[in-house]
2 protein chains.
Amino acid sequence: MARIKDVAAHAGVSVATVSRVLNDNPSVTEETRNRVYAAMTALNYRPNAVARSLRTEATRTLGLIIGDILNPFFTELARAVEDEARLAGYTVIIGNADERADEQDHYVRTLLERRVDGLLICPTAEVTSLIEEVARAGRPLVFLDRTLPGIEVPSVRVESAAAIGELIGHLKALGHRRIAFISGPATLSTGRERTEAFRAAMAAHGLAVPPEYLEAGDFREGSGRAGAARLLDLPEPPEVIFTGDNLMTLGALGEIRARGLRIPRDVALASFDDVPWFVHVDPAITAIAQPTAELGRAAVRMILNRVEGRPAESAALPAQLVVRTSCGETPYGGGPAAARGAGAGDPGQGDERSRS
Amino acid sequence: MARIKDVAAHAGVSVATVSRVLNDNPSVTEETRNRVYAAMTALNYRPNAVARSLRTEATRTLGLIIGDILNPFFTELARAVEDEARLAGYTVIIGNADERADEQDHYVRTLLERRVDGLLICPTAEVTSLIEEVARAGRPLVFLDRTLPGIEVPSVRVESAAAIGELIGHLKALGHRRIAFISGPATLSTGRERTEAFRAAMAAHGLAVPPEYLEAGDFREGSGRAGAARLLDLPEPPEVIFTGDNLMTLGALGEIRARGLRIPRDVALASFDDVPWFVHVDPAITAIAQPTAELGRAAVRMILNRVEGRPAESAALPAQLVVRTSCGETPYGGGPAAARGAGAGDPGQGDERSRS
DNA sequence: GTCCTCCATGTAATCGATTTCATGAGGTTA
DNA sequence: TAACCTCATGAAATCGATTACATGGAGGAC
């Protein structure tokens, strides 16, 4: 593969001049510039980003470590991060932690060795010593979606309490009283926050939460299924199962279907986290939609601020309740076709996730 | 950040010795080795992969360019590629072409500049001059899922004809005759292959395919919806809509639901490409499942063969029909709960997509 | 015509690792 | 004891770019 030296020789100039052309340095004659361009195309020259990075100490690369690549939430997040980074001229390397601290640490190490300019992490449960060290060393780092206690790192997360409160209000208005929650793991900030918000909202509405109505899940399909099974086996099963993320919803749905129960007549279902196909389940699933794409974009802006030496401030973006029909017909509306969001619209409907 | 020189000074050895320790060179005394390790931890040393790559001309990185990161098919593919690459000690950089040739070319350029050791591409429609050049230059390149005509590049793809033949047989056995197909773009090899297989299977079963029963889609949700709308508006609408990929299925489903039609009574639906939630649609959607993960793993093995100088041979992996209930009850089985795969099982059911 | 300035270009150091070749200490053998 | 070998280690070149500094020629001012 042609090197800068070859281009220089072919064009009859020095490597410095070729480098200047490469970097749009204005102090190169139009004529020389053209000769260099000609040499580049003649030799099929492609600058070696490895060499360049070694010298400039910048890779124009961001590392993104997500929790689970098969979870559509993280996929959409990755997509948004990628798009926003691309606009700024950065490439993204995605690492899939598979919700395991050791996998996460593996990627942190790999990405640091590759000298990414910034690191976006959706941290798994444990605060590993590696993460602590990286944070302490002051390397550009931003937490995404989740946070870790006791670590000083700017973060972008979702503010879920308001939407959860709205959901509980909606359920109460529909006449439901016995509401169960399949939570995410208490080791994750998102799991804790949603559980706390659920408890608080129930209390605010004067509804009791017996301990057996709080199932501890792990943001995986299997735990959603198992949690739903235990809830449905209770002497007094809940009227509503509220699940803490889209994969556990998938599991709970599977269990409900396997028992031949009808939604919402036998048991209602609501999901934290919305995915496109919820609309196509019969009945369509009431869900709390997260501002996933905005979350990713905000995180990129934040990490680039840190990379480029500007200050970065943590942010929390509001989630939004999307009322459909899986918890019963809304008393304030028409039939299934007229189901409408309690918020400014229904971001779960239609083509909003397809791009041009 | 500490460099190899600092470690050498701290341990009282030369940089060559540190490098030897780093690379597990056996000709280093146990004692020296320990001193070097101690220095490394003391200084929090992390080898600079950029510098190493410059010298060794290897990045231990693979590039993967997929068609659309929001399509679960490609996500699962990416996941498998990542896993298999990781086993071999490689990192993967994923580029999302968004089904556009210019985006694809952008990533090809970026990845070449970053000197990835090998390139896995799910090529978009056009044969761009860049792709041609890269193929001609003999750089390690493997086509994944799709192929390009007239370009000598090893590829891994899905053999769909047999499964499509089986599906048509299944539909005919259920009494359906008027079967329409919403195809992928004819510019993609997968689009062409599925359309050809559909025509051939229909002909083999003595069924006619009027031109208006062949809708040209583009593997996007919107075209599935529009195609379904046109088919349902025909004076003689089809009894079955067969869609060419999972996103178009999503669109067609949306259109069918919006019209208040019941599946399969008013119109049956079958999908090429299976995704986990098809099980939860009511009725569950009959689909042709692709060996997605195996596709990704095979592609990695192939590119690593090429990278390491071994020969690589193209492969085609068989798709499999998964019969559910969206085309009607099977005359050879029980009720919905007893729906069973025509093949060796139902890879679309249960937890097979969750990992430990 | 001389001198100074400006500016396009070139020379060479540098980034942090790997790797070839040299070196010298210690052990073996005759 | 001399000659030789083995082996751990070090010195220095190298990968392909960027960039500080040097250089020399053209043009303007006097």
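Quick caveat, the model's predicted, so the values are computed rather than measured. Below, read A as the first sequence line, B as the second, and so on, with proteins coming before strands; counting in each chain starts at 1.
Here OG1 of B:Thr292 is found 7.0 Å from CG of B:Leu77. Values are rounded to the nearest 0.5 Å.
Annotation: cation-pi geometry satisfied between A:Arg86 and B:Tyr107 (NZ/CZ under 6.0 angstrom from ring centroid, within 45° of ring axis). Both tests do not hold together for B:Arg79 against B:Phe74: distance to the six-membered ring centre under 6.0 Å, angle to the ring axis within 45°.
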Determine whether A:Arg220 and A:Asp98 satisfy the following criterion, salt bridge (charged side-chain N to carboxylate O under 4.0 Å, His left out), listing intermediate values before the conclusion.
CA-CA 11 Å; A:Arg220 302 245 167 183; A:Asp98 222 9; 3.7 Å; yes
Nucleotide-resolved protein contact map, nucleotides 13-22 of chain C, B/S/- at heavy-atom distance under 4.0 Å:
BBBBSBBB--
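Note on B:Arg301 versus B:Glu294: salt bridge recorded, some NZ/NE/NH1/NH2 to OD/OE distance being below 4.0 Å. Looking at A:Glu31 and A:Arg35, a side-chain N of the basic residue comes within less than 4.0 Å of a carboxylate O on the acidic one, giving a salt bridge.
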Please tabulate, for the side chains in residues 130-141 of chain A, all donor-acceptor contacts under 3.5 angstrom to protein atoms that are two or more places apart in sequence or on a different chain.
residue	atom	partner	partner atom	Å
A:Glu133	OE1	B:Arg46	NH2	3.4
A:Glu133	OE2	B:Arg46	NH2	2.9

Just the atom pairs and distances: protein N or O near nucleotides 23-28 of chain D's N or O, under 3.5 Å.
none

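Of all nucleotides listed (D:dT9, C:dA8, C:dT11), C:dT11 comes nearest to the side chain of A:Ser14.
If you measure from atom CG of A:Asn25 to atom C1' of C:dT9, you get 11 Å, rounded to the nearest angstrom.
The only option from A:Ile65, A:Leu295, A:Ile66 that meets the side chain to side chain contact (heavy atoms under 4.5 Å, CB included) definition with A:Leu144 turns out to be A:Leu295.
Residue contacts for B:Thr32: at a heavy-atom cut-off of 4.0 Å it reaches the sugar-phosphate backbone alone, with no base atom in range.
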